Enquirer: 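To start, I am sharing the structure in question, which I have written as C-alpha cells.
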Amino acid sequence: MKVLVLNCGSSSVKYQFISVDDKKVLAKGSIERIGMSSAILTHERYDGDKIKITGEILDHNIAIEYVLAVLLSKNHGVIKDKSEINAVGHRVVHGGEDFSGSTLITDSVIKILQDNFELAPLHNPPNVKGIQACKRHLPGIPQCGVFDTAFHQKMPPKAFLYGIPYQLYKSHKIRRYGFHGTSHLFVSQRVAELMNKPYESLKIITCHLGNGCSMAAIDHGVSIDTTMGFTPLEGLLMGTRCGDIDPSIPLHVMAKEDITLAEVTTMLNKHSGLVGISGISNDMREIIKSMNEDNKQAKYAFEVFCYRVKKYIGAFAATLGRIDVVVFTGGIGENSWEVRKEVLSNMEFLGIKLDEEKNLMKDGEREITTTDSMVKVFVIPTNEELLIALDTAKIVRDLTPQQI
Ligand code: AMP
C-alpha cells in the first residue's frame, strides 16, 4: 500500500509518499510560501533525484495540484497514475476532545474539525483546506486524519484540568490537550521494540526537543501527562515560545508597555524562548556557539532550557512512580550532546547514569546510558510521517467499500 502523507501548514505543505509495506519513502518534498508569487517547491525522489521550482502558488488547492503533478512527472515522479495513491494521511494539529486516535475522514469529521477551529486557529484551517483539496483532486481515495492531540486524550482530569472556573472548561473547552502526540507515540513504541520489552509494561518519559518542545509521561502505553497544554505554548522553553510563565505576566506587560492582546500574543509565541532570553537566535546551535564565546544571555538561555527539561523529568518520575526509560528526539534532542549532558547530569539518584562517550556518538537510534544504569536513556530520531502512513494504512485496510 502507498500512502501520501500531508502536513498542511498556514503557508506550507510538506509531503512524503511512502510505500508502507517496506516503510520506504518513495518521494518527499515541500511547498513553502503558499499565497505568494515566489512559492518554492522542492522535491526529492528515493534515488536522490532532486528538483526545485519557484512560481506563483496562491492557495492550498493549487499546492496539492503541484504535489500530484510532481509525483506524476515523467522525469521526476514515482507514479504513472493517481490511482497508485492508495490513501492520504493528514497530520492534523488539533482533534479537541473528539479524537483519541486516528480516523477516516468523512464529512462529519470535517465538520468536527471546523467546529474546533477556535482551538487551533493557525493550524486546523489549513489542515482542512488540504483535506478539501485532496477530495477534489483525488476523488474516491480514502483520507485519514492523524491528530497531534490524540495520544494525550487519555490523560486523567487531574492532569488536564486547569485551576480556573470549571465552567470555562465546559463552555469553551479550556483544558490541557498536549501536542506532538504522533512523535511521542512513535518514539515510545520504538524504544520498547529496541529494549525488546512489551510496550504496555514500560514507564517512559519522552522528550521531543525541536523548535517546538514537549515531554510526555507514558504509563503502560498511555500518555498520562504532558508539558504542552491548551495551546503549544505551555511547558518547556522553546525556540521562540516562552513555555511556562506566571499567567499574570502578559496582563502586566500589556499595561506596562501599552501593547495590545495581539502584540503580547506575538511576544509570547515569536519573541520569547531561546531567542527571547539570548537576544541572538532561536537555534540551539547558535546559542551553544555564543555560550562557548562567553555570551552571558546565551548561557542563560541554554541553562533555562535544560533546567526545565530536568525539572519535568523529576516531576514525571514522581507522577509515574518509576521510570524505565527516557527518550530524546527532535532536532535538539537528537543532535545536541551538550543539552543531553546538561539535562542528565547528577541524575544518579533517579537511576540515570549517562555514558559520556556514547552521548557523543552521532546519528541513528542509540542508547546513551552506562550498562549498569537502572534507567535507560535512548536517542531515537522521530518519524511522524511513517506513523501517519502506518496508521492510515491500518484504517484503510479495514474499510468496507461502503465506507469509502
Ligand atoms: P526540529 O523542529 O525538530 O526540526 O528541530 C529544529 C531545531 O533543532 C533547530 O532550530 C536547532 O535549534 C536544533 N538543532 C538541529 N541540529 C542541531 C545540533 N547539531 N545541535 C543543536 N541543536 C540542533
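Counting starts at 1 for both ligands and their atoms, following the listed order. The analysis underlying the following values was restricted to heavy atoms, covering all of them including side chains, and did not include hydrogens, waters or symmetry mates. Keep in mind it's a predicted model, so treat the numbers as computed, not measured. FYI, the numbering just counts along the sequence from 1.
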Enquirer: Pick, from Asn211, Val339, Thr240, the option with the minimum heavy-atom distance to atom 2 (O) of ligand 1.
Expert: Asn211

Enquirer: For atom 11 (C) of ligand 1, what's the nearest protein heavy atom and its distance?
Expert: Asp283 OD1, 3.2 Å

Enquirer: Under 3.5 Å, is there a donor-acceptor pair linking the side chains of Thr260 and Glu263?
Expert: yes

Enquirer: By number and element, which atoms of ligand 1 are closer than 4.0 Å to a non-hydrogen atom of Gly330?
Expert: 3 (O)

Enquirer: If the cut-off is 4.0 Å to any non-hydrogen atom of Gly210, which atoms of ligand 1 fall inside it?
Expert: 1 (P), 2 (O), 3 (O), 5 (O)

Enquirer: Among all protein heavy atoms in this structure, tell me which lies nearest to atom 3 (O) of ligand 1, with the distance rounded to 0.1 Å.
Expert: Gly331 N, 2.9 Å

Enquirer: Quick one: look up the protein heavy atom nearest atom 12 (O) of ligand 1 and list residue, atom name and how far away it is.
Expert: Met284 N, 2.7 Å

Enquirer: Which residue and non-hydrogen atom of the protein lie closest to atom 9 (C) of ligand 1, and at what distance in Å?
Expert: Arg285 NH2, 4.0 Å

Enquirer: Can you label the angle between the Phe230 ring and the Tyr177 ring as parallel, tilted or perpendicular, going by 30° and 60°?
Expert: tilted

Enquirer: Would you kindly say whether Tyr199 and His220 are connected by a side-chain donor-acceptor distance under 3.5 Å?
Expert: no

Enquirer: Would you say the side-chain atoms of Thr382 and Glu384 include a donor-acceptor pair closer than 3.5 Å?
Expert: no

Enquirer: Can you tell me the protein heavy atom closest to atom 13 (C) of ligand 1 and the distance?
Expert: Ile332 CG1, 3.4 Å

Enquirer: Measure from NZ or CZ of Arg175 to the centre of the six-membered ring of Phe160 and say whether it is under 6.0 Å with the direction within 45° of the ring axis.
Expert: yes

Enquirer: Does any non-hydrogen side-chain atom of Asn86 lie less than 4.5 Å from one of Val3?
Expert: no

Enquirer: With a sphere of 6.0 Å drawn around CD of Glu193, does it hold more than 12 non-hydrogen atoms of other residues, nucleotides or ligands?
Expert: yes

Enquirer: Heavy-atom distance from atom 19 (N) of ligand 1 to the protein below 4.0 Å?
Expert: yes

